[in-house]
Number of protein chains: 2
Amino acid sequence: MDIRTRLLETAEQLFERHGFTATGMDRLTSAAGISSRTLYKHVGNKNGLIVAVMNERDRRFHRLMKTDSIDALFTTLQTWFTQEGARGCLSLRAWGETGGGVPEIAEAMERHKQRLRERIDAIVLAEIGRHDTELAEAIQLLFEGAIHAATYRGGDAAQAARRTAHRLADLARAA
Amino acid sequence: MDIRTRLLETAEQLFERHGFTATGMDRLTSAAGISSRTLYKHVGNKNGLIVAVMNERDRRFHRLMKTDSIDALFTTLQTWFTQEGARGCLSLRAWGETGGGVPEIAEAMERHKQRLRERIDAIVLAEIGRHDTELAEAIQLLFEGAIHAATYRGGDAAQAARRTAHRLADLARAA
DNA sequence: GCATATGTAAAGTGATCGTTTTACCCTCTC
DNA sequence: GAGAGGGTAAAACGATCACTTTACATATGC
């Protein structure tokens, strides 16, 4: 496996499981089997690593969420929980742990959320045949809610969100 | 002001703004104007402080959210955002930053979420005259979603959640 | 009027933080 | 076959971490 890939995958796992600040670079390099010199050659510093992990995860996330139905969106989310666990949105966690004061991290988080919003807009268009800002907003709230409720209620939160989103879509179709 | 109150209030602010791990005990004691010896006499260790802050915030939060209507619930949430800022649920952040591995913190988080759920159940009962698990689940998802979406969309997320919750309640009333 | 409780200031504990440095080892390529 | 590129190991950097210790001040209550 490519050394950069191994680095980013290991970092993502450790950040996800133990948090960003609590994950030391020493623990990370030894877990990835990489010297610290190489790590810094690749990502510059810890914030650079965090941003690289966020971007890579964003790519993987949106590759999965590239669906065109509400059903598939939330079912895929539940699959994500099963495979990757549910510990809240990693980009929001990165933003929170750095106090919102690191511009590149804040931008990566906003990019991630913006992309999610565009995906939901497209799904709404495909489902009810027109744009509906209010419905899209509601679905994003349910999606965000499911991501965070899954940490204490388990992955089934995605199914509850799915049912509610369907109900709202039916309502919008009837209007 | 009571020394313990001053300690917990200062800690809550620093934890909220900079994160738990990133907030050092030295910075905290000097911000609160308290010696570190006194701090440890009061809360034992850092995890004890985190739990104490979580419990105090939980009390304050639920004192505010003791409403009996969907409208008041989400309006109060927006007021909370305006007054305290929106950086995600502090109890989930504490759980995440400690990797879910500190029992007292995990329990404080679950207690907080359980209390919120009971409040929502009561509101549903007051609004539509009967228990409705599905509606309560949906409202909790919207509430959780609003808390986290507010970090990047602003406090208005609470209003969008309020409108959606109303729509779902109307639907439940009609059924 | 003395003990007890509760606080402060400040130094010290060893560990760990993010990051850099030094010195060396392969494996390509021209 | 020399030089460049990309990697390793390991030590060192000063700062900061959570936490403890020592020594002293100021009240309150019996």
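Just so we're on the same page: letters track the sequence lines, and every chain starts at 1.
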query: Between the base of C/dT22 and the side chain of A/Arg37, is there any donor-acceptor pair under 3.5 Å?
result: yes
field: Same apolar cluster (I L V M F W Y, side chains within < 4.5 Å links), A/Trp80/A/Val53
entry: no
- prompt: Which side chain to side chain donor-acceptor pair (under 3.5 Å) pairs, counting each pair once, include a residue from residues 99-111 of chain B, with sequence neighbours left out?
  reply: B/Asn55-B/Arg111
statement: Rounding to 0.5 Å, atoms CZ (A/Arg153) and CZ (B/Arg117) come to a distance of 6.0 Å
Side-chain atoms of residues 87-95 of chain A: list all donor-acceptor pairs with protein atoms under 3.5 Å, sequence neighbours left out, distances to 0.1 Å.
{"from": "A/Arg87", "atom 1": "NH1", "to": "A/Arg17", "atom 2": "O", "distance (Å)": "3.4"}
{"from": "A/Arg87", "atom 1": "NH1", "to": "B/Gly99", "atom 2": "O", "distance (Å)": "3.2"}
{"from": "A/Arg93", "atom 1": "NH1", "to": "A/Glu16", "atom 2": "O", "distance (Å)": "3.1"}
{"from": "A/Arg93", "atom 1": "NH1", "to": "A/Arg87", "atom 2": "O", "distance (Å)": "3.3"}
{"from": "A/Arg93", "atom 1": "NH2", "to": "A/Glu16", "atom 2": "O", "distance (Å)": "3.2"}
{"from": "A/Arg93", "atom 1": "NH2", "to": "B/Gly96", "atom 2": "O", "distance (Å)": "3.4"}

message: Counting only heavy atoms and a strict 4.0 angstrom limit, can you tell me which residues of residues 11-35 of chain A come near DNA chain D?
response: A/Gly33, A/Ile34, A/Ser35
field: Length of the line joining A/Lys41:NZ and C/dT20:P, which is rounded to integer Å
entry: 11 Å
query: Which residues within residues 42-54 of chain A lie with some heavy atom under 4.0 Å of an atom in DNA chain D?
result: A/His42
- request: For the helix from C/dT19-D/dA12 to C/dC30-D/dG1, figure out the bend between the end axes, five pairs an end, and round to 10 degrees.
  value: 10°
field: B/Thr38 (side chain) and C/dT6 (base): donor-acceptor pair under 3.5 Å
entry: no
Test item: side-chain donor near acceptor, B/Asp58 and B/His62, under 3.5 Å: yes
Point-to-point distance, once rounded to the nearest 0.5 Å, from CE of B/Met109 to CD1 of B/Ile50: 13.5 Å
message: Counting only heavy atoms not in B/His131 (residues, nucleotides, ligands), do more than 12 fall under 6.0 Å from its NE2?
response: no
field: Boundaries of the chain A footprint along DNA chain D (any atom under 4.0 Å from a heavy atom)
entry: D/dG7 to D/dA9
- prompt: To the nearest 0.5 Å, how far apart are CD in B/Glu137 and CG in B/Asp121?
  reply: 9.5 Å
message: What is the distance, to the nearest angstrom, from the CG atom on A/Leu39 to the P atom on C/dT19?
response: 9 Å
- prompt: Can you check whether B/Leu14's main-chain N or O pairs, donor with acceptor, with B/His18's side chain at less than 3.5 Å?
  reply: no
message: Any side-chain to backbone donor/acceptor pair from B/Glu127 onto B/Ile70? Under 3.5 Å, distance only.
response: yes
- line: Side-chain contact check for A/Tyr40: nearest option of C/dT22, C/dG7, C/dT20 is C/dT20
query: For residues B/Glu144 and B/Gln140, is any side-chain donor paired with an opposing acceptor at under 3.5 Å?
result: no
- prompt: So, B/Gln13 and B/Glu9: side-chain donor and acceptor under 3.5 Å apart, yes or no?
  reply: no
- prompt: Which word best sums up how the rings of B/His148 and A/His148 line up, parallel for under 30°, tilted for 30 to 60°, or perpendicular for over 60°?
  reply: parallel
